[in-house]
Student: 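Here it is: the structure, laid out below.
Quick note: numbers below take in every heavy atom, side chains included, and nothing from hydrogens, waters or symmetry partners.
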Amino acid sequence: QVQLVESGGGLVQPGGSLRLSCTASGLTLDGYAIGWFRQAPGKEREGISCISGGDSSTYYTDSVKGRFTISKDNAKNTVHLQMNSLKPDDTAVYYCAADSWVYCSGFGSPNDMDYWGKGTLVTVSS
């Protein structure tokens, strides 16, 4: 049984940093693309970053490019999302998800993902 568990959310001031983690069980990261999505109140879920299985190529949506960094630790079966220079607009529930299409090409639609975590709340506020 596949499980994805997010951790690391919380309250942070504007300009601050957080590191989210997504720990997977029941799958190996080499066989899946792992994506991070977020959903703010009243908005649709959006894909913000992805790391592919195998070659670990990465993707970032424009709104987080240069501020967020995705990485993975195969030994711990964990994907991290380092978030710097956080803004109030980054406030959302953050989800990780796995796609058996191992590449991040075409990443972005929640409908393409096979497995989901339950999410972790990130609040950016002074």
Side-chain angles (χ1 to χ4, degrees):
Q1 183 180 358
V2 174
Q3 283 192 313
L4 302 174
V5 179
E6 303 95 337
S7 61
L11 173 64
V12 63
Q13 291 187 340
S17 299
L18 281 176
R19 189 174 84 152
L20 304 184
S21 298
C22 171
T23 300
S25 59
L27 61 79
T28 55
L29 297 182
D30 279 352
Y32 289 81
I34 304 297
W36 284 97
F37 291 76
R38 66 184 180 186
Q39 188 165 20
K43 295 189 176 181
E44 293 186 351
R45 192 171 296 191
E46 65 166 335
I48 59 171
S49 185
C50 177
I51 188 164
S52 65
D55 69 359
S56 298
S57 58
T58 58
Y59 162 88
Y60 301 93
T61 195
D62 286 346
S63 61
V64 307
K65 201 172 293 182
R67 299 188 299 124
F68 291 10
T69 303
I70 192 170
S71 62
K72 64 180 178 179
D73 183 339
N74 285 333
K76 296 183 178 180
N77 229 30
T78 298
V79 173
H80 301 290
L81 185 69
Q82 178 67 41
M83 306 188 297
N84 299 329
S85 303
L86 283 162
K87 307 173 182 179
D89 282 351
D90 295 317
T91 295
V93 178
Y94 284 70
Y95 301 89
C96 67
D99 185 358
S100 57
W101 175 252
V102 72
Y103 305 104
C104 291
S105 56
F107 171 77
S109 171
N111 294 332
D112 292 337
M113 310 308 284
D114 297 308
Y115 304 102
W116 289 89
K118 294 183 178 180
T120 185
L121 177 63
V122 172
T123 303
V124 184
S125 175
S126 55

Student: Side-chain donor-acceptor pair under 3.5 Å between Thr28 and Asp30, yes or no?
Tutor: no

Student: Distance check, rounded to the nearest 0.5 Å: Arg67 atom CZ versus Ser85 atom OG?
Tutor: 7.0 Å

Student: List in chain and number order the residues that pass ring-ring contact (aromatic ring centres under 6.0 Å, His included) with Tyr32, two or more places apart in sequence or in another chain; answer none if no residue qualifies.
Tutor: none

Student: Run the salt-bridge test on Lys87 and Asp90 with the 4.0 Å N-O cut-off and return the result as yes or no.
Tutor: no

Student: Do any side-chain atoms of residues 12-26 form donor-acceptor pairs under 3.5 angstrom with protein atoms, and if so which ones, sequence neighbours left out?
Tutor:
{"from": "Ser17", "atom 1": "OG", "to": "Asn84", "atom 2": "OD1", "distance (Å)": "2.9"}
{"from": "Ser21", "atom 1": "OG", "to": "His80", "atom 2": "ND1", "distance (Å)": "2.9"}
{"from": "Thr23", "atom 1": "OG1", "to": "Thr78", "atom 2": "OG1", "distance (Å)": "3.2"}

Student: Quick check on the hydrophobic clustering: are Phe68 and Val79 connected, directly or via other members, by side-chain heavy-atom contacts under 4.5 Å?
Tutor: yes

Student: When the ring centroid of Tyr59 is compared with that of Tyr103, is the distance short of 6.0 Å?
Tutor: no

Student: Are Met113 and Leu27 linked, directly or through other ILVMFWY residues, by side chains that come within less than 4.5 angstrom of each other?
Tutor: no

Student: I need the Ser56 OG to Lys72 NZ distance, nearest 0.5 Å.
Tutor: 3.5 Å

Student: Do any side-chain atoms of residues 117-126 form donor-acceptor pairs under 3.5 angstrom with protein atoms, and if so which ones, sequence neighbours left out?
Tutor:
{"from": "Thr120", "atom 1": "OG1", "to": "Gly9", "atom 2": "N", "distance (Å)": "3.2"}

Student: Are Leu4 and Val102 connected in a single hydrophobic cluster, I mean Ile/Leu/Val/Met/Phe/Trp/Tyr linked by side-chain heavy atoms less than 4.5 Å apart?
Tutor: no

Student: Going by heavy atoms in the side chains, are Ile48 and Met83 under 4.5 Å from each other?
Tutor: no

Student: Should Phe107 and Tyr95 be regarded as members of a common hydrophobic cluster, given that ILVMFWY residues are connected when their side-chain heavy atoms come within less than 4.5 Å of each other, either directly or indirectly?
Tutor: yes

Student: Rounded to the nearest 0.5 Å, what separation is found between the CD1 atom of Ile34 and the CG atom of Leu29?
Tutor: 5.5 Å

Student: Kindly compute the distance separating CG (Asp89) from OG (Ser63), expressed to the nearest 0.5 Å.
Tutor: 9.0 Å

Student: How close do Arg45 and Pro110 get, heavy atom to heavy atom, and via which atoms?
Tutor: O-CG, 3.9 Å

Student: About how many Å separate CD of Gln39 and CD of Glu44, when rounded to the nearest 0.5 Å?
Tutor: 8.5 Å

Student: Roughly how far apart are Tyr60 OH and Leu81 CG, rounded to 0.5 Å?
Tutor: 7.5 Å

Student: With a 4.5 Å cut-off on side-chain heavy-atom distances among I, L, V, M, F, W and Y, is there a chain of contacts connecting Ile70 to Trp116?
Tutor: no

